[in-house]
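The structure appears right after this line, and notes come after that.
First listed ligand is number 1; within each ligand, the first listed atom is number 1. Heavy atoms only: backbone and side chains are in, while hydrogens, waters and symmetry mates are out.
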Amino acid sequence: MTNLSKSATVTDTNEPAFEPSVRYLLRDGELVEYADAKLHVLSTTLKYGVGVFEGFRAYWSDEDQQLYAFRVADHMRRLIDSMRVVEIDGSRDIGVLSEQLLGLVRANELRGNLHMRAQVFVDSSDGKPEDTGPVSVFMAAIPMGNYFGASGLDVQISSWARLSDRSMPPRVKSIANYQNGRLAMLEARRNGYDAALLLTEDGHVAEGAGYNVFMVRQGRLCTPPATDSILEGITRDSVLHLARNVLGVDVDIRPIDRTELYSADEIFVCGSAAEINHVSSVDRTPIGDGTAGELTRQLQHAYRQAVVGRVAADQQWAQPVYPTA
Ligand SMILES: Cc1ncc(COP(=O)(O)O)c(C=O)c1O
């Protein structure tokens with residue numbers, strides 16, 4: 001018979017109390033203490049996975065003594081697109097949402113590399129799947145270093161197919177979509193890989209669990225089209241821009257077969273959290289010599305410059321969080 005009181009005591013003794021690394025989160029534009037940012041267990045979001053979110057990064061520059069938030073307005077635009085597609089009510093004001101997020105970072109006085117989130121929940125207490133509101137918007141800004149433990153990823157092509165626009169649109173960052181990538185990651189880890197790539201239902205390369213993919217093959221930089229079951233990544237868009245306008249490299253946006261990956265010269269994955277990380281092998285087939293290829297390294301360098309405002313991009317991508325002197 002299970003001794004509940006004993007196991008509770010053991011857990012209490014062995015587990016250190018959780019110490020959040022920030023004081024505040026934001027709920028509907030108001031600062032709340034970390035421990036008070038809660039959602040009811042019967043909310044539509046928890047029962048049916050109705051919700052959308054965004055993940056952003058901010059980068060600290062020692063040289064400028066400034067924190068730069070990367071493409072915040074573009075992420076907020078995608079958050080609003082996601083709300084529209086999965087039919088969730090709520091604010092559609094990019095400027096207000098962006099300023100709320102930056103205000104949260106300032107309130108926590110964060111000066112270091114960060115990951116930030118905006119999450120839109122359907123917070124109805126009687127929780128029906130077709131509810132579109134009432135809506136709660138939570139935001140968080142938490143210190144974060146590298147997403148992947150490794151530089152250079154051993155990748156498995158998943159046996160799970162990527163979601164499709166005919167079932168659960170991968171174009172949007174819907175919470176429920178992440179079960180698909182989660183299963184792929186668990187399978188990959190179980191099989192000794194670092195990451196997973198998923199194919200579309202008809203066998204083309206789509207993307208990873210939380211990152212888009214590029215390859216260099218026969219001298220051409222290529223990435224799957226937005227219609228091949230991908231999230232239209234903002235880092236993907238930044239890479240396209242940096243390749244074309246900073247490095248002067250053409251990019252082919254076209255369907256990619258699985259076996260093209262096996263004979264690629266370079267492959268990398270990219271995402272706001274994942275940044276740009278090269279792929280060392282696919283299904284144990286080595287890619288190049290296993291280290292980051294020349295173009296991958298040039299793009300990584302350009303991206304690191306862009307996130308702290310050192311690349312003259314068309315848009316104002318890197319936004320100072322603190323007032324400039
Ligand atoms: C499934 C998926 N694909 C791609 C990406 C990359 O998108 P972004 O560069 O906008 O972060 C993410 C990032 O969250 C993701 O979850």
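Remark: R27 does not engage E30 in a salt bridge, criterion side-chain N to carboxylate O under 4.0 Å. A salt bridge links E63 with R310: the closest approach of a Lys/Arg side-chain nitrogen to an acidic carboxylate oxygen falls below 4.0 angstrom. Between R258 and D283, at least one side-chain N (NZ, or NE/NH1/NH2) sits under 4.0 Å from a carboxylate O, which counts as a salt bridge. Ion pair E187/R182 not flagged as a salt bridge, since none of the NZ, NE, NH1 or NH2 atoms sits closer than 4.0 Å to an Asp/Glu carboxylate oxygen.
With respect to F56, the side-chain contact (heavy atoms from CB on, under 4.5 Å) criterion is satisfied by exactly one of D74, I234, V72, L79: V72. Among N113, V308, L114, the single residue meeting the side-chain contact (heavy atoms from CB on, under 4.5 Å) criterion with W60 is N113. Checked against F268 for a ring-ring contact (aromatic ring centres under 6.0 Å, His included), the options F148, Y211, F214, Y303 give a single hit: F214.
In summary, the atoms of ligand 1 found under 4.0 Å from a heavy atom of L231, numbered by their order in the structure, are 2 (C), 3 (N), 4 (C), 5 (C), 7 (O), 12 (C), 15 (C). Within ligand 1, the atoms closer than 4.0 Å to a non-hydrogen atom of G233 are 7 (O), 8 (P), 9 (O), 10 (O), numbered from 1 in the order shown. The contact set between ligand 1 and E207, taken as ligand atoms under 4.0 Å from a residue heavy atom, comprises 1 (C), 2 (C), 3 (N), 4 (C). Proximity to S272 (heavy-atom distance under 4.0 Å) selects the following atoms of ligand 1: 8 (P), 9 (O), 10 (O), 11 (O).
The closest approach between a heavy atom of A209 and any atom of ligand 1 is below 4.0 Å.
Rounding to the nearest 0.5 Å places CG of L221 at 8.0 Å from CG of L240.
Protein heavy atom closest to atom 14 (O) of ligand 1, with residue, atom name and distance, is K173 NZ, 2.4 Å. Y178 OH, 2.4 Å is the protein heavy atom nearest to atom 16 (O) of ligand 1.
By the 3.5 Å distance cut-off applied to N or O atoms, R78 is counted among the residues near ligand 1. For C270, no nitrogen or oxygen atom sits less than 3.5 Å from a nitrogen or oxygen atom of ligand 1, counting backbone and side chain alike. Polar contact with ligand 1: absent for R162 (N/O pair, distance under 3.5 Å). Below 3.5 Å of separation, one finds an N or O of T235 facing an N or O of ligand 1.
At a heavy-atom distance under 4.0 Å, only backbone atoms of Y211 (N, CA, C or O) approach ligand 1.
Proximity annotation for atom 5 (C) of ligand 1: of G210, A273, G271, S238, G210 comes nearest, heavy atoms only.
In this structure, T45 contributes its side chain and G51 its backbone to no donor-acceptor pair below 3.5 Å.
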